[in-house]
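What's counted below: heavy atoms across the whole structure, side chains too, no hydrogens, waters or symmetry copies. Order of the sequence lines sets the chain letters (A, B, ...), proteins ahead of strands, with each chain counted from 1.
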Number of protein chains: 2
Amino acid sequence: MTDQAAGRDRDRRPTMVDVARAAGVSLKTVSRVANGVPTVRSDLADRVRAAMSELGFQRNNVAANLRSGRNTATIGLIILDLANPFYSTIAAAAAAVAERFDTQLITASSGWDPVRERELVLDLCERRVDGLIIAPTGDDQSYLGAEIARGMPAVFIDSPPSGCLADTVLIDNRTGTRDLVRRLLAEGHRDIGVITDSLNDFTMRERLAGAAEALEEAGIESGRHFRRIYSDRPHTAGDAVGAMLDSSEPPTAFFCGNNRILLGAVEELARRHDRTRLAAFDDFEFAPLLPRPVTVVGYDTRTLGRLAAELVFQRLRRPRSAQANYVVPTYLVDRGMAVDPV
Amino acid sequence: MTDQAAGRDRDRRPTMVDVARAAGVSLKTVSRVANGVPTVRSDLADRVRAAMSELGFQRNNVAANLRSGRNTATIGLIILDLANPFYSTIAAAAAAVAERFDTQLITASSGWDPVRERELVLDLCERRVDGLIIAPTGDDQSYLGAEIARGMPAVFIDSPPSGCLADTVLIDNRTGTRDLVRRLLAEGHRDIGVITDSLNDFTMRERLAGAAEALEEAGIESGRHFRRIYSDRPHTAGDAVGAMLDSSEPPTAFFCGNNRILLGAVEELARRHDRTRLAAFDDFEFAPLLPRPVTVVGYDTRTLGRLAAELVFQRLRRPRSAQANYVVPTYLVDRGMAVDPV
DNA sequence: GTGAAAGCGCTAACAG
DNA sequence: CTGTTAGCGCTTTCAC
């Protein structure tokens with residue numbers, strides 16, 4: 001490098017070469033100081049540090065990682081929608097674990113698009129993230145097999161992968177729903193309206209299966225009052241509730257497959273001044289404020305995110321450890337408040 | 001590189017050199033194919049592509065960016081708490097913009113810790129993110145001045161920076177609150193209890209100032225009914241409400257500085273079967289389900305995130321463009337439902 | 001203790 | 001149209 005190429009432009013970020021020249025030492029000494037290597041003569045180290053702050057030097061970690069072959073200290077989190085509190089809570093919990101390992105999280109939303117999911121995985125792999133946490137959509141993650149075989153830590157959350165083997169952290173959808181429906185049965189309800197979202201979704205299938213188990217235990221035909229809705233408008237759930245209530249044998253209780261459905265049901269029941277028993281999967285922040293009692297299946301979303309992140313770092317340390325499949329337990333909790341008329 | 005160093009280990013990711021050797025072409029031809037350069041003889045391109053999928057090649061974008069001096073296609077988002085829907089909505093909106101530019105978001109939470117905020121900024125700069133979106137905490141962001149001068153696009157959201165100049169996207173806290181308090185005044189309320197969170201917070205100071213403006217317009221001493229709370233437990237807000245109601249001249253209306261305070265107030269009023277008029281800053285998803293009418297100040301959080309991200313990319317294109325200071329407008333909306341007794 | 005040389009995986013520049 | 005050479009900013013040898 002000639003002297004005139006010494007980088008006179010103010011815009012360029014100073015490199016270790018610039019620092020070395022300013023401090024009158026070799027590039028390598030600068031590198032040592034930057035990395036806190038103790039065996040550097042203190043006067044040299046001081047000169048280097050002075051030059052660093054003089055020039056406003058900041059190490060380029062991208063370059064450092066490239067040469068050292070070390071990790072990028074980044075893990076990728078692919079979820080369905082970051083605006084959804086369920087996923088943002090997971091992201092926050094995973095980030096808290098990552099922080100302990102000086103690692104940052106790249107969070108991306110697939111928006112329920114399997115093609116996008118795959119693109120994101122590829123993109124993150126090309127960025128050489130150290131690991132991947134994925135809430136899958138669609139039913140084919142076989143494209144990840146090669147990555148996993150190559151040693152990329154991959155953890156699936158909320159739903160298991162299809163077409164490849166990986167660590168998973170799931171919620172106990174089936175047991176949670178079974179316990180909830182058992183409770184309704186114990187209260188004497190025999191006609192229980194079950195409202196689910198699309199059964200393309202693993203979690204929804206599991207919840208329905210849990211409900212069916214409880215109903216069958218009680219000798220009740222599990223499909224007796226069953227409505228599927230596909231829309232994300234709460235209104236649709238309200239319509240389902242209305243249709244069942246208007247039938248010749250209306251249910252005396254409803255199980256709502258998620259909190260969105262519950263909200264639609266609450267609104268419809270409020271409109272009708274109807275006090276049919278309500279139960280649902282998913283607890284949520286404002287459930288205590290619901291204007292009528294509701295029993296919901298709760299679970300610790302933060303635990304889900306935390307376990308997933310911990311699995312990634314665990315697998316980073318011991319790449320060939322046995323596949324881990326965690327299940328986050330559920331519990332029943334009574335929400336909603338008794339309120340006055342306005 | 002000698003032949004025996006050809007990388008026999010199965011674990012190592014294949015590089016362009018490996019692909020070139022397998023395809024019997026030069027490294028550069030592989031690079032061209034990987035980058036979609038059209039001027040490659042089709043039979044060579046086919047051989048390269050075959051070798052690529054044979055070896056499971058994935059370009060290392062970290063290395064590619066290093067050499068080309070291009071961007072890392074990453075922007076950093078520093079917020080206070082990703083688990084908070086306000087911030088996760090911003091993150092989702094910013095990510096949606098970033099997606100249009102094939103850019104990923106690294107999202108990190110400072111947790112209201114100024115030291116952590118600074119560490120995160122430094123870390124993200126060392127990772128050579130292309131830009132930064134920051135919801136600041138603390139009152140000194142002067143450490144960013146050098147970065148901004150060097151051309152790092154930085155956009156502050158929710159609160160402006162102190163000690164440096166940068167683009168901002170803020171919410172019109174002052175106007176929103178002033179309009180809301182004006183409405184209470186127009187309804188005839190003269191005794192309005194104002195409950196805020198810590199005034200260390202820029203947004204809270206602005207909201208209080210907006211309330212004061214409206215009260216002074218009406219010739220009312222603005223500090224008449226005023227309580228500050230510092231805790232994040234809604235209970236504390238309830239205590240403040242209770243104390244004011246128990247005073248010799250209880251307010252006939254309350255303004256709550258944020259939605260957390262509102263929830264505490266709602267609970268306390270429900271407990272007392274008290275129907276004092278309620279108003280608050282912040283709309284939120286479940287506000288329509290509140291068990292009593294409440295007028296809230298709403299704003300489009302997604303717009304905030306979108307504008308911030310767009311500013312980053314705008315400044316990336318034209319680094320020396322004039323400083324932009326956007327203000328997201330607010331509006332009043334009536335929430336809460338009239339409900340039956342249970 | 002310090003520094004020169006080589007090279008991480010890729011692209012830019014220039015030849016052929 | 002293809003290949004060679006150099007080099008991004010840093011770390012890793014391995015001499016001195």
Side-chain angles (χ1 to χ4, degrees), chain A residues 1-2 5-7 9 11-48 51-52 55-73 125-128 150, chain B residues 1-2 5-7 9 11-48 51-52 55-73 125-128 150:
Chain A
M1 182 185 286
T2 66
D9 45 346
D11 246 25
R12 202 181 55 107
R13 303 184 97 105
T15 73
M16 284 193 179
V17 172
D18 300 323
V19 174
R21 188 172 308 130
V25 298
S26 81
L27 162 63
K28 180 61 203 174
T29 299
V30 177
S31 170
R32 280 195 255 262
V33 172
N35 290 300
V37 173
T39 64
V40 177
R41 231 171 56 213
S42 61
D43 60 321
L44 286 194
D46 288 344
R47 254 159 56 201
V48 168
M52 280 178 170
L55 297 173
F57 171 78
Q58 278 178 176
R59 179 174 53 174
N60 183 333
N61 276 335
V62 173
N65 290 332
L66 176 62
R67 179 59 181 101
S68 64
R70 268 199 317 254
N71 298 327
T72 53
C125 287
E126 290 188 343
R127 287 164 186 268
R128 296 296 187 264
R150 205 178 267 141
Chain B
M1 182 184 287
T2 66
D9 45 345
D11 243 26
R12 203 182 54 107
R13 304 184 96 104
T15 72
M16 284 192 179
V17 172
D18 299 323
V19 174
R21 189 173 306 129
V25 299
S26 81
L27 162 62
K28 182 63 203 176
T29 299
V30 177
S31 169
R32 280 196 255 262
V33 172
N35 290 300
V37 174
T39 63
V40 177
R41 231 171 57 214
S42 62
D43 60 321
L44 286 193
D46 288 343
R47 256 160 56 201
V48 169
M52 279 178 171
L55 297 174
F57 171 78
Q58 276 178 176
R59 178 174 54 175
N60 184 334
N61 275 336
V62 173
N65 289 332
L66 177 62
R67 178 61 183 109
S68 63
R70 268 199 316 252
N71 298 329
T72 53
C125 287
E126 289 189 345
R127 289 163 185 269
R128 295 295 186 268
R150 207 180 264 139

Heavy-atom closest pair (B:Cys125 atom, A:Gln58 atom, distance to 0.1 Å) is CB-NE2, 3.4 Å
Residues at least two apart in sequence or cross-chain that pass side chain to side chain donor-acceptor pair (under 3.5 Å) with A:Asp46, listed by chain then number, are A:Arg49
In whole angstroms, the gap separating P of D:dA6 from CZ of B:Arg67 amounts to 12 Å
*Taking OP1 and OP2 of C:dG3, is either one under 4.0 Å from a side-chain nitrogen or oxygen of A:Ser26?*
yes
A:Asn60 CG to D:dG7 C1', in whole Å, measures 14 Å
For B:Leu44 and B:Val40, the nearest pair of non-hydrogen atoms, with its separation, is CB-CG1, 4.3 Å
For A:Arg59, the side chain to side chain donor-acceptor pair (under 3.5 Å) test, sequence neighbours excluded, returns A:Asn35, A:Asn61
Axis-to-axis angle for the helix from C:dG1-D:dC16 to C:dG16-D:dC1, ends of five pairs each, to 10°, equals 40°
Determine the contact category for A:Leu27: base if any of its heavy atoms lies under 4.0 Å from a base atom, sugar-phosphate if only primed atoms, P, OP1 or OP2 are that close, otherwise nothing.
base
Note: contacts of residues 31-42 of chain B with DNA chain C (heavy atom, under 4.0 Å) are B:Ser31, B:Asn35
(request) Ignoring backbone atoms, establish whether A:Thr29 has a side-chain N or O less than 4.0 Å from OP1 or OP2 of C:dT2. (result) no
Hits for side chain to side chain donor-acceptor pair (under 3.5 Å) against B:Arg47, two or more places apart or cross-chain, chain-then-number order -> none
Inset, instruction - In sequence, state the C-alpha distance, the side-chain angles, and the governing distance for A:Leu55 and A:Val19, and then conclude on side chain to side chain contact (heavy atoms under 4.5 Å, CB included). - result: CA-CA 7 Å; A:Leu55 297 173; A:Val19 174; 4.0 Å; yes
Heavy-atom nearest pair, B:Val30 first then B:Val25, reads CG2-CG2, 3.9 Å
Sorted by chain and number, sequence neighbours left out, side chain to side chain donor-acceptor pair (under 3.5 Å) with A:Arg127 holds for A:Asp123, B:Thr74
Separation of C:dG3 atom P from A:Met16 atom CE, nearest Å, is 14 Å
B:Asn61 CG to D:dC8 P, in whole Å, measures 20 Å
